[in-house]
Number of protein chains: 2
Amino acid sequence: MDSIPQKIPAHEIVYRNIRDQILYGDLPPGQPVTIQGLVENLEVSMTPVREAIRRLTAEGALEFQGNRRVCVPQMGEKRFAELVFARRHIEPKLAELASVNMNGQFVHKLKAIDLQLDEAIAKGDVQGYMCHNHRFHFALYAQSNSQVLLPMAKTLWLRYGPLSRIICGQTGTQNLADHHEEAMESIARRDHKATANAIRTDIEQGFEIVRNSTGWSGI
Amino acid sequence: MDSIPQKIPAHEIVYRNIRDQILYGDLPPGQPVTIQGLVENLEVSMTPVREAIRRLTAEGALEFQGNRRVCVPQMGEKRFAELVFARRHIEPKLAELASVNMNGQFVHKLKAIDLQLDEAIAKGDVQGYMCHNHRFHFALYAQSNSQVLLPMAKTLWLRYGPLSRIICGQTGTQNLADHHEEAMESIARRDHKATANAIRTDIEQGFEIVRNSTGWSGI
DNA sequence: ATCCGCATAATATGATCAAATTTTCTGTGG
DNA sequence: CCACAGAAAATTTGATCATATTATGCGGAT
């Protein structure tokens, strides 16, 4: 009937482990990542680790260092501008597509996540904020049933994550009033363009915080 | 001084091999790709093949088949629409960024590629068309020095390739008047927005051919 | 400062185990 | 007697590991 135990392969475990560490900023930019180190920490052999690293490198979450080493990529003004450009175009569209497929049942799940998010903000829990904000956006985007834009958004967040974490670590969770309520209202009204706009405003606000902290323009 | 022999690793060889086959449509959509098969054909061992497949899967060039097999993804109207949306936004921007960094020296290289392209079109050489058209676009885009948008464009072409090949195989290379001249003129005039528009028109024309052949809307 | 060995980490292979698919075998019903 | 469904064996393919090989970076000696 439903999910039989389903053994998750080792390479998938390793992948998720590193991915989440990057996504939530546990691995700071510039941090080198070695195969051997992961073999020892995660107690698996080289092959699955190598597969996970190739995958993460392809997704832009890790970067080759010329000589055969990989590390978490460094962020700069130019790269930030590109991330802003791509997120601006892709995520509102995903929100719109998701809004079309959305049902009342699912809005409750979003509300539940948003509640946890607000709690984390109130407590000043940066790690919790990173986690639940990600969960909210991708619970929404997943409803788009998109096979192209959704993976793209995932890689954009993987690249954006470490920076986001640093900024939040500096400025705290105080100024993080989001536009999730607005998005959920739009979904309920079935005003799909409004949903897209709410998400656009939400992520633009995030960009603004980064700009203020770094002095980058990121037009 | 410059490029010392630099041994290319086996996983990279395998990766490029499969990637090019997908890009130029030698592997049709639905084609299953097995690890064992590649091990035998390319005469390398499993690990490098596995790495190449993980990487290509992450890039959307291959797709998991539930049971642990992979194949070249199937194209459909919905997926096509998403590819159109993404390419429309990303590639003109890449062309614009490239245009800014471009010098006269490099325009000659583009012209040379475009000449080969025209030749392939004249001869009705579909394979050559696929190859040189790709070379033209990415020789241009590469000048953007983009670290985010360029990889995204690469994965979009990987997903788009097999379809493009099928359509060209059906309709031939007759109706493939491109807008590359226009783009190169804009670059020479240093009118970066015009370069973006020329590329936009170029790819839109490609979409139109697909729409006409398939009946898909892909707005 | 440059060169040479040593330590370390990455690359690549073949063997082994597990899962899935295909083939073969067998018994039942028409 | 033949056709077919279902089960069990055999084969193929994928996943993981331990190990050998190769390249890179480091540190000391010239």
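Numbers restart at 1 for each chain; the letters A, B, ... are given by sequence-line order, proteins then strands.
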**Student:** Mind calculating the distance between CD1 (B/I53) and C1' (D/dG14) to the nearest angstrom?
**Tutor:** 10 Å

**Student:** Of the nucleotides D/dT16, C/dT11, C/dT13, which one has an atom closest to the side chain of B/T47?
**Tutor:** C/dT13

**Student:** Under 4.0 Å between a side-chain N or O of A/R50 and OP1 or OP2 of C/dA10?
**Tutor:** no

**Student:** Any side-chain N or O of A/R68 below 4.0 angstrom from OP1/OP2 of C/dA12?
**Tutor:** no

**Student:** Does D/dT13 have OP1 or OP2 sitting under 4.0 Å from an N or O in the side chain of B/R69?
**Tutor:** no

**Student:** Taking the minimum atom-to-atom distance to the side chain of A/Q36, which one of D/dG25, C/dA9, D/dA15 wins?
**Tutor:** C/dA9

**Student:** With a 4.5 Å heavy-atom cut-off, do B/V148 and B/M152 have their side chains touching?
**Tutor:** yes

**Student:** Within this structure, what is the CZ-to-C1' distance between B/F64 and C/dA19, rounded to whole angstrom?
**Tutor:** 15 Å

**Student:** To the nearest Å, how far apart are A/L42 CG and D/dT16 C1'?
**Tutor:** 15 Å

**Student:** Counting only side-chain heavy atoms from C-beta out, which of C/dA12, D/dT16, C/dT11 sits nearest to A/I35?
**Tutor:** C/dT11

**Student:** Base, sugar-phosphate or nothing for B/T34? Non-hydrogen atoms, less than 4.0 Å.
**Tutor:** sugar-phosphate

**Student:** Nearest-nucleotide wise, let me know which of B/M46 and B/E51 is further upstream toward the 5' end of DNA chain C.
**Tutor:** B/E51

**Student:** Roughly, in whole Å, what's the span from CG in A/L38 to P in C/dA9?
**Tutor:** 12 Å

**Student:** In this structure, how many angstroms lie between the C1' atom of D/dT13 and the CG atom of B/N41, rounded?
**Tutor:** 15 Å

**Student:** Check whether NZ of the Lys or CZ of the Arg A/R87 lies under 6.0 Å from the centre of the six-membered ring of A/F207 and within 45 degrees of that ring's axis.
**Tutor:** no

**Student:** Rounding to an integer number of Å, can you tell me how far A/I8 CD1 sits from C/dA19 P?
**Tutor:** 14 Å

**Student:** Report the distance from atom NE2 of A/H11 to atom C1' of C/dA18, rounded to the nearest whole Å.
**Tutor:** 13 Å

**Student:** Does D/dG25 have OP1 or OP2 sitting under 4.0 Å from an N or O in the side chain of A/N67?
**Tutor:** yes

**Student:** Given 3.5 Å as the limit, does a donor-acceptor pair link the side chain of A/R55 with the main chain of B/R54, or not?
**Tutor:** no

**Student:** When the distance from CD of B/Q65 to C1' of D/dG14 is rounded to whole Å, what number comes out?
**Tutor:** 15 Å

**Student:** Is it the case that the side chains of B/E91 and B/Y141 hold a donor-acceptor pair, with the cut-off being a distance below 3.5 Å and no angle test?
**Tutor:** yes

**Student:** Verify, without hydrogens or angle tests, whether A/S164 (side chain) and A/Y160 (backbone) share a donor-acceptor contact under 3.5 angstrom.
**Tutor:** no

